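Heads up: the structure comes next, in structure tokens.
Source: prediction; values computed, not measured. All ligand and atom numbering here is 1-based and tracks the order in the structure.
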Amino acid sequence: MSDAKKLYIKTYGCQMNVYDSERMAEALGGQGYVETQSPEEADMILLNTCHIREKAAEKVYSELGRMRGLKEAKPDLKIGVAGCVAQAEGEEIMRRQPLVDLVVGPSSYHRLPEMEEKTRQGQKALVTDFPEEDKFARLKGRPKAQRGPSAFLSVQEGCDKFCAFCVVPYTRGAEYSRPVKAVLDEARDLIERGVREITLLGQNVNAYHGEGPDGAEWGLARLIWELDKLDGLQRIRFTTSHPNDMDAALIEALGSCAKLMPYLHLPVQSGSDRILKRMNRSHTAESYLRLMEEIRAARPDIVLSGDFIVGFPEETEEDFQATLDLVEAVKYGYAYSFKYSTRPGTPAAERAQVEEAVKTERLGRLQDLITRHQREIQDGMVGREMSVLFEKPGRFEGQMVGKSDYLHAVHVKDALVAVGDLRRVRIVESMTNSLAGELI
Ligand code: 5AD
Ligand code: SF4
């Protein structure tokens with residue numbers, strides 16, 4: 001029996017949080033923690049939280065409430081809150097929930113080891129600064145554990161765009177790009193540990209402008225071309241992008257970089273220019289559609305994905321209709337749509353709100369349309385040949401599951417392949433949430 005302390009992390013929200021949770025686990029690994037999947041046996045519980053919509057934040061408080069019993073059973077248990085709720089509510093969390101020992105904002109994870117020590121001495125620890133440094137550069141003592149074939153790599157964080165509905169510029173702070181060298185070193189390390197596909201992450205990843213080894217500022221396309229040179233790396237993806245930062249070099253890379261996958265997440269939020277303006281999006285429906293055409297001209301088979309908000313303050317039926325028209329024109333392979341959620345401190349919170357019932361009804365109509373397109377695009381894969389990166393065994397004996405170039409889950413029967421193999425597959429059937437294929 002090892003006497004290692006156990007760490008349980010629960011992750012909410014976006015992929016950046018998934019990445020951050022892994023790095024926090026590694027940082028606390030240096031303090032003698034190993035991860036557990038069971039909160040009951042944990043010595044420390046970390047909730048890595050999301051503040052993007054009201055429901056996400058509320059979930060955190062109810063989860064904390066449910067931890068009372070765990071703490072009573074094990075008084076030494078330390079409970080921490082990380083992520084965007086930690087950043088936004090800071091001391092309020094400790095006031096509202098005295099069970100909490102530690103609150104750490106997303107820019108301060110390199111402070112976790114010293115914070116953990118402080119909690120061991122019976123003190124509370126709270127850090128929500130925005131330091132001018134790469135928060136992951138100082139995370140040391142990472143074990144060289146083998147990894148799955150697909151990994152996230154955070155290259156950019158924060159946002160300067162201030163969309164009127166969004167908390168990200170407040171919770172993740174100003175835009176920051178990690179230096180190219182830091183990204184490449186981390187990519188090489190991931191590849192050594194078995195990673196074959198890297199998804200570059202950032203709230204505004206295509207605004208990446210990291211310092212290159214030559215001292216110049218590098219854009220995302222240049223970074224991708226550099227990653228393209230790494231042996232062993234077979235696929236590159238990036239998310240999330242803003243329409244205004246889709247430069248010519250990046251569109252060109254989507255067309256010509258073989259490792260860069262034909263999938264692009266490019267949120268538009270609304271199809272109404274009036275609403276886009278009130279959202280402070282600084283693009284129009286038409287400029288977005290033109291951009292989509294350019295991207296499709298560069299990479300005709302690309303699958304597009306987007307984010308939508310319905311019921312933004314003052315949205316009329318006519319505005320909403322414009323959103324449906326835009327969706328009809330683009331035909332997304334995937335799309336994420338949300339009812340507008342009032343976020344205190346953001347400009348839109350002060351405006352005339354759309355009734356909840358109207359939001360619900362519009363969300364239903366939008367999702368019906370999106371689901372229809374999603375279905376058509378997925379069904380359209382049948383008969384085509386594409387590559388699949390195999391990630392894990394399937395539910396049935398001999399079955400293996402992976403992801404296609406277009407990010408569909410694909411399973412193959414009696415596949416003599418290993419986890420991490422990239423193989424050509426012919427798609428033979430489209431099911432509810434996945435495709436069935438045969439090795440070629
Ligand atoms: N209400 C609803 N959806 C929101 N998003 C961001 N802020 C809000 C909000 N206040 C959505 C946007 C964004 C995605 C990550 O979450 O569509 O692209
Ligand atoms: Fe939020 Fe807009 Fe920045 Fe995206 S671009 S993180 S929606 S403020």
- Task: Decide if the gap between the ring center of Tyr263 and the ring center of Tyr334 is smaller than 6.0 angstrom.
- Result: yes
- Taking atom 1 (Fe) of ligand 2 as the reference point, the nearest protein heavy atom with its distance: Cys166 SG, 2.3 Å
- Given that the side chain starts at C-beta and the backbone is N, CA, C, O, which of these parts of Pro267 lies under 4.0 Å from ligand 2, counting heavy atoms, or is it both or neither? neither
- Task: Would you mind telling me if ligand 2 is within reach of the side chain of Cys163, the backbone, both or neither, using heavy atoms under 4.0 Å?
- Result: both
- Task: Would you tell me whether Thr119 and Asp101 have side-chain atoms, one donor and one acceptor, within less than 3.5 Å of each other?
- Result: no
- Close-contact set for ligand 1 against Lys339 heavy atoms, below 4.0 Å: 1 (N), 2 (C)
- With backbone taken as N, CA, C and O and side chain as the heavy atoms from C-beta onward, which portion of Thr240 lies under 4.0 Å from ligand 2: side chain, backbone, both, or neither? neither
- Query: Hey, looking at atom 13 (C) of ligand 1, which of Val310, Asp307, Ile52, Val268 has the closest heavy atom?
  - Reply: Asp307
- Message: If I apply the N/O under 3.5 Å rule, does Arg343 come out as touching ligand 1?
- Response: no
- Task: Considering only non-hydrogen protein atoms, determine which one is nearest to atom 3 (Fe) of ligand 2 and report residue, atom name and distance to 0.1 Å.
- Result: Cys159 SG, 2.2 Å
- Message: Starting from atom 7 (N) of ligand 1, what is the nearest protein heavy atom, named by residue and atom, and what distance separates them?
- Response: Phe165 CD1, 3.3 Å
- Note on the structure: A student comparing Arg53, Lys55, His242 should find that the heavy atom closest to atom 5 (N) of ligand 1 comes from Arg53
- Query: Are Gln87 and Ser108 side-chain neighbours, meaning at least one heavy-atom pair lies under 4.5 Å?
  - Reply: no
- Query: With atoms numbered from 1 as shown, which atoms in ligand 1 lie under 4.0 angstrom from a non-hydrogen atom of Gln269?
  - Reply: 12 (C), 13 (C), 17 (O), 18 (O)
- Could you see which bit of Phe165 sits under 4.0 Å from ligand 2, with heavy atoms only: side chain, backbone, both or neither? side chain
